[in-house]
Amino acid sequence: MNIKDIENKRIAVLLSGGVDSSVVVYEFARMGLHPDCFYIKIGPEEQEEWDCSSEEDLEMATAVSHKYGCKLEVIDCHKEYWDQVTKYTMDKVRAGLTPNPDVMCNRLIKFGAFDEKRGHDYDLIATGHYAMTEIDADGYKWLCTSPDPVKDQTDFLAQIADWQLKKALFPIGHYVKDEVRVIAEREHLVNAKRKDSQGICFLGKINYNDYIRRYLGEQLGDVIEFETGKRIGEHKGLWFHTIGQRKGMGFGGGPWFVVKKDVDHNILYVSHGYDPETAYKADFPVKDFHFLTKEMQPTEVTFKIRHTPEYHPATLEWTSPNECIVHSKDKIHGVAPGQFCVVYDENHHHCIGSGEITI
């Protein structure tokens with residue numbers, strides 16, 4: 001982050017109450033800048049049903065903004081979150097797919113609804129994501145990976161629009177997490193030792209299955225062994241299971257893998273053993289590919305299908321401008337329709353974009 005590039009810009013910081021976005025405010029303050037801070041409020045629909053940490057988050061955000069002499073404004077995106085992100089999530093899981101609410105939260109809320117409400121008054125929107133950006137010789141702005149492979153969050157940003165990327169600023173993206181913690185402790189930030197959030201974006205301690213049950217309820221159905229057709233138990237709803245799942249199944253004689261979901265007949269297919277061949281795929285189609293920076297048809301790439309440190313080498317076979325078949329060098333575990341396949345260059349430096357796996 002070069003001060004010459006930002007000193008005359010109107011900057012909004014999305015301050016969550018966590019340590020990462022708090023260090024973002026510090027990064028500006030050490031340059032003598034005092035950007036406006038915003039806390040996005042997403043409350044659960046029925047407070048008495050949820051264990052929510054939003055009150056503590058706001059207290060932390062308030063303390064940090066005051067420490068560095070920044071204004072803090074609370075922006076209520078409650079309706080937008082439940083109308084847009086929740087609708088996307090429930091529509092996908094009802095169809096037997098595996099959605100990623102956090103990916104759509106960045107596109108629809110942090111860089112979407114916020115921009116409509118307040119962000120449009122600012123040139124740049126800064127967040128605590130572990131990601132970087134670069135502008136190439138032709139003036140194109142690229143989303144680039146963080147040096148911390150475990151914390152890198154480019155996969156969560158791979159669906160944001162090009163105009164959103166142009167406004168995005170990631171002041172701590174060049175750090176690894178341990179460095180951010182050291183800065184927070186050195187600067188005596190109130191949340192220096194606070195644990196990272198592990199839940200769904202904005203929903204605090206709400207369990208994902210409880211979140212789904214709240215909207216879709218339960219729908220009992222048969223669990224069938226894939227190889228033999230033998231019934232081994234009953235599931236409470238296909239939406240509580242994902243392809244490749246091997247934990248929390250609750251069936252005897254395990255371990256079991258989820259290998260297929262028959263939505264029409266409400267049947268969950270599982271396979272016995274740790275590494276059944278049916279749980280791995282090397283080739284799968286991707287639709288509705290979203291290009292972050294510019295449309296292109298790369299062939300030799302790397303990719304990931306879930307939030308892990310590993311990038312998998314692959315060749316892309318383009319069947320249309322926005323559809324391709326991924327030919328992975330290695331077989332990948334747990335490839336599921338509805339997941340985003342996030343595509344990078346061969347050196348997994350530039351994030352090219354992402355599309356939805358269809359199978």
Side-chain angles (χ1 to χ4, degrees), residues 20 98-104 106-107 127-134 136 140-160 162 165 168 170 172-180 196 198 201 242-246 275 279-318 322-359:
D20 298 324
T98 304
N100 190 320
D102 289 340
V103 171
M104 298 313 289
N106 281 316
R107 177 176 180 143
T127 71
H129 284 102
Y130 285 83
M132 299 194 296
T133 58
E134 286 179 0
D136 66 18
Y140 288 106
K141 186 175 183 179
W142 293 89
L143 178 67
C144 302
T145 51
S146 164
D148 189 330
V150 174
K151 295 300 295 183
D152 177 78
Q153 292 172 307
T154 51
D155 52 324
F156 292 137
L157 295 160
Q159 279 279 313
I160 63 173
D162 58 350
L165 177 59
F170 309 116
I172 64 164
H174 60 292
Y175 291 127
V176 299
K177 182 71 182 197
D178 288 348
E179 292 173 319
V180 169
D196 291 344
Q198 300 296 324
C201 180
T242 58
I243 303 296
Q245 178 184 344
R246 68 178 105 182
D275 295 307
Y280 288 78
K281 286 185 180 293
D283 307 288
F284 52 89
V286 169
K287 69 172 185 177
D288 300 329
F289 197 90
H290 169 72
F291 296 93
L292 279 165
T293 299
K294 61 179 180 179
E295 291 195 15
M296 53 198 298
Q297 291 195 330
T299 52
E300 300 302 317
V301 299
T302 54
F303 75 94
K304 60 170 64 177
I305 62 168
R306 58 177 62 88
H307 187 58
T308 60
E310 295 81 29
Y311 300 85
H312 307 285
T315 301
L316 300 187
E317 176 189 345
W318 291 91
N322 295 95
E323 295 180 337
C324 64
I325 299 172
V326 177
H327 300 291
S328 176
K329 182 180 178 182
D330 308 305
K331 287 191 174 183
I332 308 299
H333 175 259
V335 179
Q339 288 174 319
F340 287 112
C341 176
V342 184
V343 174
Y344 302 81
D345 63 20
E346 287 185 87
N347 299 315
H348 45 81
H349 179 58
H350 285 171
C351 183
I352 295 168
S354 62
E356 184 179 315
I357 296 171
T358 59
I359 301 185

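The only member of Thr299, Asp283, Thr315 that meets side-chain hydrogen bond (donor to acceptor under 3.5 Å, both in side chains) when paired with His327 is Asp283.
Trp318 places a side-chain N or O within 3.5 Å of a backbone atom of Pro298 that can act as its donor or acceptor partner. Within the 3.5 Å criterion, the main-chain N or O of Ala314 finds no donor-acceptor partner in the side chain of Ser328.
At a threshold of 4.0 Å, the pair Asp20-Lys177 counts as salt-bridged, since one of the basic side-chain nitrogens sits closer than that to a carboxylate oxygen.
Sorted by first and then second residue, the side-chain hydrogen bond (donor to acceptor under 3.5 Å, both in side chains) pairs involving residues 344-355 (not counting sequence neighbours) are Glu134-His349, Glu134-His350, Thr154-Tyr344, Gln159-Ser354.
Minimum heavy-atom separation, Lys331 to Ala282: CG-CB, 3.9 Å. Nearest approach of Arg306 to Gln339, heavy atoms of both residues: NH2-NE2, 3.8 Å. Residues Lys141 and Ala168 share a closest heavy-atom pair of NZ-O, 2.8 Å. Across Val150 and Pro309, no two heavy atoms sit closer than the pair CG2-CG, 4.1 Å. Across all non-hydrogen atoms, the minimal contact from Ala131 to Leu143 is CB-CD1, 4.0 Å. Annotation for Asn100 and Phe156: closest pair ND2-CE2, 3.9 Å, computed over non-hydrogen atoms.
Taking CD of Glu323 as the reference point, atom NZ of Lys287 lies at 8.5 Å (rounded to 0.5 Å). Separation of atoms CD (Glu300) and NZ (Lys329) is listed at 10.5 Å; rounding is to 0.5 Å. To the nearest 0.5 Å, the span separating CD1 on Ile352 from CD on Gln297 amounts to 11.5 Å. Between Lys304 atom NZ and Glu310 atom CD the span is 8.0 Å, to the nearest 0.5 Å. For the atom pair CG of Leu157 and CG of Asn106, the computed distance is 5.0 Å after rounding to the nearest 0.5 Å. Summarising the geometry, atom CG belonging to Asp155 is positioned 11.0 Å from atom SG belonging to Cys341; distances are rounded to the nearest 0.5 Å.
Residues Asp288 and Asn322 are not in side-chain contact: their nearest non-hydrogen atoms beyond the backbone lie 4.5 Å or more apart. With contacts defined as side-chain heavy-atom distances shorter than 4.5 Å, the pair Met104/Phe340 qualifies. The closest side-chain heavy-atom distance from Tyr130 to Pro147 is not below 4.5 Å. Between Val286 and Ile325 the shortest side-chain heavy-atom distance does not fall below 4.5 Å. No side-chain heavy atom of Phe291 sits less than 4.5 Å from a side-chain heavy atom of Asp162.
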- Should Phe289 and Val343 be marked as a side-chain contact (heavy atoms from CB on, under 4.5 Å) after you check the CA-CA gap, both sets of side-chain angles, and the distance that decides it? CA-CA 10 Å; Phe289 197 90; Val343 174; 3.6 Å; yes
- Applying side-chain contact (heavy atoms from CB on, under 4.5 Å), run through Leu292 and Ile160 and close with a yes or a no. CA-CA 7 Å; Leu292 279 165; Ile160 63 173; 3.7 Å; yes
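Below 30°, between 30° and 60°, or above 60°: for His129 and Phe170 the angle between ring planes is above 60°, a perpendicular geometry.
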